[in-house]
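One structure is given below, encoded as structure tokens.
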Amino acid sequence: MPGSIDGWKDKILFTPGPLTTSRTVKQAMLRDLGSRDQEFIGVVRDIRARLVALAGAAPGEYEAILIQGSGTFAIEAVLTTTVPRDGKVLIVINGAYGRRMVTICEVAGVDHVALEFPENTPCDPAAIEQALADDDAITHVAVVHCETTTGIMNPVADIGARVHAAGRVYFVDAMSCFGAVPTSVAECHIDYLVSSANKCIEGVPGFGFAIAKHDPFMKTEGYARNLSLDLYAQWRGLEGNGQFRFTPPTHALLAFHQALVELEEEGGVEARGARYRANYETLVAGMRAMGFVEYLPQDLQGYIITSFRYPGDPNFSFEEFYSRLNDRDFVIYPGKVSGADCFRIGNIGRIFQADVRALLAAIREIAQEMGFMA
Ligand SMILES: Cc1ncc(COP(=O)(O)O)c(C=O)c1O
């Protein structure tokens, strides 16, 4: 029966999320705790403190605000509840997640302007600086750190220095890399950084979070254009009685707390990044040996997720390839690049080089079965 737990076996998720999690993270959810329970409130408090530390910030300098929903909800929370009515956001785009921020602003009526780069090109800090010099009305700049569309890394520190020098507020969508790519919010001059529970911290889906610089964030009271995503009100609730304003994802929070403990045990962000990088290197070497070609040049490619071009062979069909891998319990991901047929393989989550080698062996077998040459 679909969804039955009888005889279940985990698939290995080589995706941008949700990701493979440890057994102990899943086990942490085998408890029912009330949302007003002092133990639960303590867990939430500890999660928030650990997130601030993970962002390389001092307590009091930045605030961690948890918000129910997927990662997009947290991005929408920042864009629609921390930008004043007379604010204007410069949205820097080189992939689908940058474009999604434009849609969020369009739907909510947040004034914005887009600065778009090709999907195989990092966002250019000098062009952003120029855009700010050209338009005094821009108050905020929004950029994606790892554009998961391709896996490209954007230069968030260089952009941050210029945004800061121009006196604007800086928002970074670090959804797919926070926890695995060392990032100091203070050094990068980031005012709001967003990620979610089910990415590199290796929790389960259920909420996202923003790490907000205390002083500018305190000025955002009353800016919200909606109720449930109001970041300032959420913070006030969490600071006041320690509770979420509306039903919290209790089990996902217990899992996330365990995931944060396991991140620390692994050696923190550096060690996690090193494991993902080793996964990436094993993957790319094995895929190249079979003839697959990455979409991005190597010097632009991060170690989070890789887009591979479809093989030119007429015997290749992505749906068939995907479904044969899925039958062997390996889950990869469709592409999102606009101008090229690609699929994606993620290196993040509770996966190791042995898992990547097993995936590569399955890909080799399937290529033979389907009769395509990469
Ligand atoms: C960079 C980036 N931003 C936003 C999102 C959206 O997150 P969600 O699908 O959890 O809403 C993702 C998801 O992979 C992402 O990689």
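In each ligand, atom 1 is the first atom listed, and ligand 1 is the first ligand listed.
- In this structure, Lys336 fails the cation-pi test against Phe343, since its NZ or CZ atom is not both closer than 6.0 Å to the six-membered ring centre and inside 45 degrees of the ring normal.
- Short contacts between ligand 1 and Val144, defined as distances under 4.0 Å to a heavy atom of the residue, involve ligand atoms 1 (C).
- Between Asp329 and Lys9, at least one side-chain nitrogen of the basic residue sits less than 4.0 Å from a carboxylate oxygen of the acidic one, meeting the salt-bridge criterion.
- Side-chain atoms of Asp230 never come within 3.5 Å of backbone atoms of Ala224 as a donor-acceptor pair (strictly under, hydrogens ignored).
- Cation-pi geometry between Arg344 and Phe308 is not met: the NZ or CZ atom fails to fall both under 6.0 Å from the ring centre and inside 45° of the normal.
- For an aromatic pair to be called close, the ring centres must be under 6.0 Å apart, and Tyr62 with Phe217 fails this.
- The N/O atoms of Ser196, backbone and side chain alike, include none that comes under 3.5 Å of an N/O atom in ligand 1.
- In the vicinity of Lys199, heavy-atom distances shorter than 4.0 Å reach the ligand 1 atoms 13 (C), 14 (O).
- Each of the atoms 1 (C), 2 (C), 15 (C), 16 (O) of ligand 1 lies under 4.0 Å from some heavy atom of Thr148.
- The side chain of Arg100, and not its backbone, has at least one atom closer than 4.0 Å to an atom of ligand 1 (non-hydrogen atoms only; side chain from C-beta on).
- Counting the atoms of ligand 1 from 1 in the order shown, those under 4.0 Å from a heavy atom of Cys146 are 1 (C).
- Between Glu63 and Lys213 there is no salt bridge, since no side-chain nitrogen of the basic residue lies less than 4.0 Å from a carboxylate oxygen of the acidic one.
- Distance from atom 3 (N) of ligand 1 to its nearest protein heavy atom, with residue and atom name: Asp173 OD2, 2.7 Å.
- No part of Asn198 comes within 4.0 Å of ligand 1, judged by heavy-atom distances.
- Between Phe330 and Phe14, the ring planes lie tilted relative to each other; the angle falls in the 30° to 60° range.
- Here is the list of ligand 1 atoms found below 4.0 Å of a heavy atom in Thr72: 6 (C), 7 (O), 8 (P), 11 (O).
- By the 3.5 Å distance cut-off applied to N or O atoms, Gly71 is counted among the residues near ligand 1.
- A distance of 6.0 Å or more separates the ring centres of Phe316 and Phe292.
- Compare Tyr333, Tyr97, Phe178 by their heavy atoms: the one nearest to atom 4 (C) of ligand 1 is in Tyr97.
- Residue Ser70 places at least one N or O, backbone or side chain, under 3.5 Å from an N or O of ligand 1.
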